Amino acid sequence: MAAIQIMATLPALPDGWSAEKDFKAVGKLSQPTNRALEAVGHHYLAHARRRRHKRTFSEDEKIQAQENVKKVEKDDDDDIDDNEDPMLLQREAKDWKTQDHYAILGLQKYRWRASEDQIKRAHRKKVLKHHPDKKAAAGEEENDQFFKCIQRATDILLDPVKRRQYDSVDEAAEREPPSKKDVQKKPGNFYKLWRPVFESEGRFSKKQPVPQLGDDNSTKEHVEEFYNFWYAFDSWRSFEYLDEDVPDDNESRDQKRHVERKNNNARKKRKNEDVQRLRKLVDDALAQDERIKKFRQEGNKEKNKKRLEKEAAEKAAKEEAQRKKEEEEKAAAEKAAAEKSAKEDSKKAKEAAKNAAKKNKRVIRGAAKDGNYFTDGEASPGQIDGALNDTDALITKLDNEEIAALTAKLQGKTDKAAIKTVFQEEVKRLVEAGKAKDGEFKTLA
Amino acid sequence: MSGDNTGSNSPEPIENGPKRNAIGISFGNSYSSIAYTNAVDGKAEVIADPDGDRQIPSILSYVGGEEFTGAQAKAQIPRNPRNTIAHVRDYLGKSFKEIDPSPCQAVAHPVEHDGGKTVAFVVQEKVSEEEGGPQPEKSTLTVQEVSTRLLRRLRSSASDYLGRDVNAAVITVPSDFSDAQKSALKASAEKAGIEVLQFISEPISALLAFDAKIQQSGEGQPSQQDKIVVVGDLGGTRSDVSVVASRNGVYTTLATAHDYELGGVTLDKVLIEYAAKEFLKKNKNKDPRENERSLAKLTLEAEAVKKALSLGASASFSIESLIDGIDFSLSVNRTRFELLGSKVFASFTRLIEGAVQKADLDVLDIDEIVLSGGTSHTPKIASNLQSHFPESTVVIAPSTTPSAVNPSELAARGAAIQASLISEFETQDIVENTEAVVTVTPHLPHAIGLVTGDDQFSVIVPPETPVPVRRTAQIAVKDGGDVLIKLAEGVREIKVTQEEKPATNGKKDDDDDEDDEDDEDDEPEEIRSKVWKANKPLAEAAIKGVKKGGKVEVQINVAADLSVTVVAREVGGKGGVRGTIEAGAVQQNGSAA
Ligand SMILES: Nc1ncnc2c1ncn2[C@@H]1O[C@H](COP(=O)(O)OP(=O)(O)OP(=O)(O)O)[C@@H](O)[C@H]1O
Ligand SMILES: [Mg+2]
């Protein structure tokens with residue numbers, strides 16, 4: 001089979017797209033529909049051969065296959081009423097103008113809603129039952145009147161133009177508008193009683209579908225659209241079905257013309273009356289429609305609400321300004337307090353540092369003593385003085401942190417030599433950093 | 001279907017039994033046709049009866065103890081209506097209660113038989129041996145017997161023509177022919193010495209014949225492998241429509257519609273009414289419709305005039321002694337006929353459109369309308385359809401497509417083709433091939449295709465395709481580079497747009513007060529178009545480094561279990577990407593609601 005040529009562009013591979021072996025499944029096929037193939041042609045025979053290849057089907061499989069298939073031919077005519085009213089069966093074909101064509105075909109439940117297919121099936125069902133040959137076979141008296149009624153009804157209902165003419169005057173399809181009293185009896189009655197009326201009137205609309213009446217929850221737009229539609233109703237309803245018979249060729253031309261004129265006038269008059277009738281009907285519904293009141297009240301409420309909202313907004317703005325001012329003041333005060341406390345904090349910290357330094361200096365001096373004033377034997381008063389002087393001189397060269405560091409190094413050291421080394425290293429560090437001269441500290445040389 | 005093995009149906013040969021000589025038979029209520037396939041070129045041809053007719057009236061008439069059939073029997077209707085039997089096919093396998101006797105109004109009326117279980121006709125079949133002697137008793141011929149006699153005649157016509165004893169046939173029947181009807185017809189055929197190899201539906205047979213013709217003439221386009229076809233079988237007393245998904249030569253009927261009161265006879269009545277009224281103008285109170293014989297003559301002539309109007313622009317009634325010795329002649333042109341019959345013509349269009357709706361399809365989904373049955377010759381039916389359906393729908397009828405097969409012959413030809421395909425099979429195989437367990441097949445509810453630039457959807461496998469199926473698609477990659485293959489299920493949507501109207505109607509909204517004047521003209525014209533939309537992603541694949549101006553090929557294989565294997569590669573490139581989409585959970589009852 002030849003490849004299908006697609007005229008389109010493939011999307012570029014998006015950045016970062018990746019999949020194992022460049023393929024990923026992201027979904028599954030929808031459930032299939034079981035349908036029967038037509039068992040014809042060599043392509044089908046190829047299918048059948050593959051399906052049957054080296055296997056026999058069990059009875060179960062055969063039954064399953066039959067049950068699961070989607071049927072395309074169905075012929076249940078249960079929708080068509082089979083029980084004719086005896087009065088109906090008595091009708092004369094010549095009185096067709098007054099016959100209920102839908103009832104004749106057993107479609108009285110459907111009327112203007114009956115589909116063309118339904119009418120055809122109804123016709124067939126009735127023909128099968130009432131054909132004169134059937135009566136003869138049943139030994140009944142030869143009477144084809146009802147059969148002719150069936151033919152006439154079908155003729156009219158299957159002709160779109162004639163059907164509209166008949167539907168226009170089909171009284172049995174008419175729905176009287178409800179009385180105000182009934183509507184008010186119970187909440188919800190408005191919809192229950194008016195809906196079928198609008199549905200029935202809607203059949204005359206050239207524009208289809210016709211908007212729905214809706215319910216309590218309908219939006220204002222919906223309700224407005226609904227009434228706008230009905231006030232601008234574009235109807236195909238016409239009244240020629242009620243025409244007086246125009247006399248045939250035998251009568252005088254004048255007489256014929258006279259009847260025609262009369263018919264024309266009658267049609268116009270009825271049409272006008274119908275437009276008036278519908279307008280009044282819509283007026284009545286509108287007047288009873290609680291939603292209209294609700295929307296008006298909501299409209300008023302809305303207006304009030306807007307005013308209140310505006311006032312509230314102004315008040316809120318004022319309050320907001322006030323609040324802002326207060327907040328700013330408070331913030332300023334807090335800032336000042338914070339600054340003050342920060343100052344105090346730093347003072348405290350400095351003091352603490354000072355104290356710490358004092359303490360550390362004491363430790364360092366103590367260390368000089370513990371280190372035997374950097375001498376090996378018994379220290380002479382001169383040696384002691386020199387060592388303490390050097391220690392003090394060293395301390396003055398150090399800042400608090402260095403003092404703390406030196407203290408840390410001396411911490412826990414008791415050995416004379418070790419202590420001296422620490423001091424010497426510190427001197428060396430200072431010399432290297434250029435903060436002291438070599439040999440400045442004689443006792444620590 | 002995956003398209004392999006075509007034309008290689010090496011038949012399982014019959015091991016024993018006599019050799020079959022099989023033909024195709026279209027056995028209509030009004031007309032029958034017989035066809036065979038030529039062993040030389042494999043083409044189907046329709047066989048003429050001894051009168052030279054290829055559309056053989058399905059009528060029997062008993063005159064003076066002699067049996068006539070075909071055109072000769074039909075000619076007997078005015079003179080000998082009660083001993084002429086017509087319109088039996090649809091009565092087969094039905095009880096008297098179930099039949100509509102109307103089509104037999106002008107001939108022998110059907111009567112109850114066997115306690116109402118079947119239908120029969122009572123005719124004077126035999127006459128007295130000696131002149132003036134007492135008439136022997138009338139014969140009661142059951143529908144089944146009448147069918148047997150008609151089929152026997154068809155069989156002998158075919159045997160005479162082919163020079164060999166025809167003993168088997170594929171017979172066409174309406175798509176709604178019940179099992180009871182089929183078994184009655186089968187019994188009738190067998191009694192006439194015809195083994196019924198298979199019953200096939202008339203519209204499907206017509207489609208088979210049409211497609212075979214396209215194939216043979218080489219007109220078939222690759223895009224025509226998958227198409228939605230509406231077949232209208234417009235006969236004499238009934239019209240049947242089938243909406244068919246044709247997927248690579250395999251047909252699935254999606255919906256059917258039937259009208260048992262619409263057909264050529266309805267059009268004949270239009271002409272009868274007209275002719276009768278014209279006659280009445282000159283001959284007051286002599287209504288030819290009120291006299292059975294006059295009506296019968298008028299009916300035969302009306303049919304002839306109607307047929308002539310299918311070809312010519314005008315035709316004439318010419319009847320000797322229509323009533324009380326008065327001759328009648330009247331010329332009718334086609335335009336008048338089309339005007340008089342406009343309502344009937346509209347009914348054909350509505351029936352066909354109704355079938356499309358029943359299939360949940362739109363007129364935009366229809367690729368072809370194939371018209372078959374004698375009434376399809378009528379030009380107005382085809383032209384109405386052509387203007388009602390979009391331009392993309394091809395209407396195939398003699399008046400729109402000069403190369404169209406004669407619609408009166410389509411059904412019989414299709415049956416002949418099928419007969420030639422299966423006549424060598426063993427009976428058991430033929431039977432099994434038509435059983436539900438073999439025919440019932442899962443069909444994809446949605447299309448499978450690619451999501452392409454701008455979020456479009458390009459169909460590779462159309463909806464209503466039976467599985468397993470394989471389809472390959474190619475798509476150009478102009479700029480080359482790395483591309484993404486996005487496989488998805490797609491659905492068809494109908495987009496309705498309003499045609500832009502000239503500015504003069506711009507104020508329309510303001511003038512609510514005078515809508516009485518306001519008619520359809522100033523409604524903006526709706527433009528309907530068909531668009532595909534991806535609705536369910538299935539898989540993604542990357543094809544990297546496609547050459548500038550290169551082409552990518554995507555092959556989709558849907559297995560019987562609904563798992564999908566996808567192979568995508570650059571045409572001419574190496575390797576490619578291959579992946580599988582697992583089957584979804586299998587539902588026991590897969591049939592759609
Ligand atoms: N050239 C033609 N132009 C118009 N109508 C034609 C033409 N040829 C045949 N017909 C009409 O076609 C009808 C017969 O159609 P077809 O041969 O399909 O009959 P059928 O299938 O036996 O009919 P039925 O619906 O009664 O079973 C008749 O009404 C006949 O007048
Ligand atoms: Mg037919």
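Within every chain, numbering begins at 1; the chains are lettered A, B, ... in the order of the sequence lines, protein sequences first and strands thereafter. None of the values given here were measured: they were computed from a predicted structure.
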Exercise for review: May I ask you to check whether A/Tyr227 and A/Trp230 place their ring centers less than 6.0 Å from one another?
Suggested key: no
Exercise for review: Among B/Leu484, B/Ile448, B/Val558, single out the residue with the greatest number of heavy-atom pairs under 4.5 Å to chain A.
Suggested key: B/Leu484
Review point. B/Lys544 versus chain A, heavy atoms under 4.5 Å apart: side chain, backbone, both or neither?
Key: side chain
Practice item. For chain B, find which of A/Leu158, A/Val127, A/Asn228, A/Val40 contributes the most heavy-atom pairs closer than 4.5 angstrom. Key: A/Val40
Check your understanding: So which of A/Pro132, A/Ala48, A/Ala36 has the largest heavy-atom pair count under 4.5 angstrom toward chain B?
Key -> A/Ala36
Review point. Between A/Arg237 and A/Asp274, is there a side-chain N and carboxylate O pair less than 4.0 Å apart?
Key: yes
Review point. Does the side chain of B/Thr441 come under 3.5 Å of the side chain of A/Arg51 through a donor N or O and an acceptor N or O?
Key: yes
Point to revise | Contact class of B/Leu562 relative to chain A, heavy atoms under 4.5 angstrom | key: both
Exercise for review: Tell me, yes or no, whether the heavy-atom count around B/Asp454 atom CG, taken from other residues, nucleotides or ligands under 6.0 Å, exceeds 12.
Suggested key: no
Review point. Looking at A/Leu128, A/Ile63, A/Asp117, which one has more heavy-atom pairs under 4.5 Å with chain B than the rest?
Key: A/Leu128
Review point. Quick one: what part of B/Arg350 sits under 4.5 Å from any heavy atom of chain A, side chain, backbone, both or neither?
Key: side chain
Review point. In terms of heavy-atom pairs under 4.5 Å, which option from B/Lys358, B/Lys536, B/Gln456 contacts chain A the most?
Key: B/Lys536
Point to revise | Selection from B/Asn433, B/Val554, B/Ile581 maximising heavy-atom pairs under 4.5 Å formed with chain A | key: B/Asn433
Check your understanding: Any luck finding a side-chain donor-acceptor pair between A/Glu38 and B/Ser201 under 3.5 Å?
Key -> no
**Study point:** Pick from B/Glu582, B/Glu435, B/Glu261 with the largest number of heavy-atom pairs that fall under 4.5 Å of chain A
**Key:** B/Glu261
Point to revise | A/Asp133, part contacting chain B, at a heavy-atom distance under 4.5 Å | key: both
**Study point:** B/Thr256-A/Glu73 side chain donor-acceptor pair, cut-off 3.5 Å
**Key:** yes
Give the table of side-chain donor-acceptor pairs shorter than 3.5 Å for residues 3-21 of chain A, with sequence neighbours excluded, one pair per line with atom names and distance.
residue: A/Gln5; atom: OE1; partner: B/Lys551; partner atom: NZ; Å: 3.3
residue: A/Gln5; atom: NE2; partner: B/Gln474; partner atom: OE1; Å: 2.9
residue: A/Trp17; atom: NE1; partner: B/Glu540; partner atom: OE1; Å: 2.6

Study note, to complete from the structure: Assert top hit (heavy-atom pairs under 4.5 Å, partner chain B, pool A/Leu29, A/Asp159, A/Val72) equals A/Leu29
Review point. If you tally heavy-atom pairs under 4.5 Å against chain B, which of A/Arg35, A/Lys24, A/Gln66 wins?
Key: A/Arg35
Review point. Any idea which of B/Glu553, B/Glu464, B/Lys478 has the most non-hydrogen atom pairs under 4.5 angstrom with chain A?
Key: B/Glu464
Review point. Highest number of heavy-atom pairs under 4.5 Å with chain B: which of A/Lys129, A/Glu61, A/Lys62?
Key: A/Lys62
Practice item. Name the region of B/Ile422, side chain, backbone, both or neither, that has any atom closer than 4.5 Å to a heavy atom of chain A. Key: side chain
Check your understanding: B/Lys97 versus chain A, heavy atoms under 4.5 Å apart: side chain, backbone, both or neither?
Key -> backbone
Point to revise | A/Asp283: side-chain hydrogen bond (donor to acceptor under 3.5 Å, both in side chains) partners, not counting sequence neighbours | key: A/Tyr231
Review point. Is the A/His47 ring parallel, tilted or perpendicular to the A/Tyr44 ring (thresholds 30°, 60°)?
Key: tilted
**Study point:** Segment of A/Phe57 engaging chain B (4.5 angstrom heavy-atom cut-off)
**Key:** side chain
Review point. At a heavy-atom separation under 4.5 Å, does B/Val477 approach chain A through its side chain, its backbone, both, or neither?
Key: side chain
Practice item. Name the region of B/Gln105, side chain, backbone, both or neither, that has any atom closer than 4.5 Å to a heavy atom of chain A. Key: side chain
Point to revise | Side-chain ion pair, A/Arg52 and B/Asp429, N-O less than 4.0 Å | key: yes
Practice item. Against chain A, label B/His446 side chain, backbone, both or neither, depending on which of its atoms sit under 4.5 Å from a heavy atom there. Key: side chain
Review point. How about B/Ser563 and B/Asp561: does a side-chain donor come under 3.5 Å of a side-chain acceptor?
Key: yes
Point to revise | Portion of B/Ser102 that has a non-hydrogen atom of chain A nearer than 4.5 angstrom | key: both
Check your understanding: Got a salt bridge between A/Arg163 and A/Glu116, using NZ or NE/NH1/NH2 to carboxylate O under 4.0 Å?
Key -> no
**Study point:** Of B/Val467, B/Val564, B/Leu444, the residue whose pairing with B/Val461 passes side chain to side chain contact (heavy atoms under 4.5 Å, CB included)
**Key:** B/Leu444
Revision key, fill the gap. Note: vs chain A, highest number of non-hydrogen pairs under 4.5 angstrom among B/Thr452, B/Asp482, B/Val438, B/Thr252 is B/Val438
Point to revise | Side-chain heavy atoms of B/Lys486 within contact of B/Pro537, under 4.5 Å | key: no
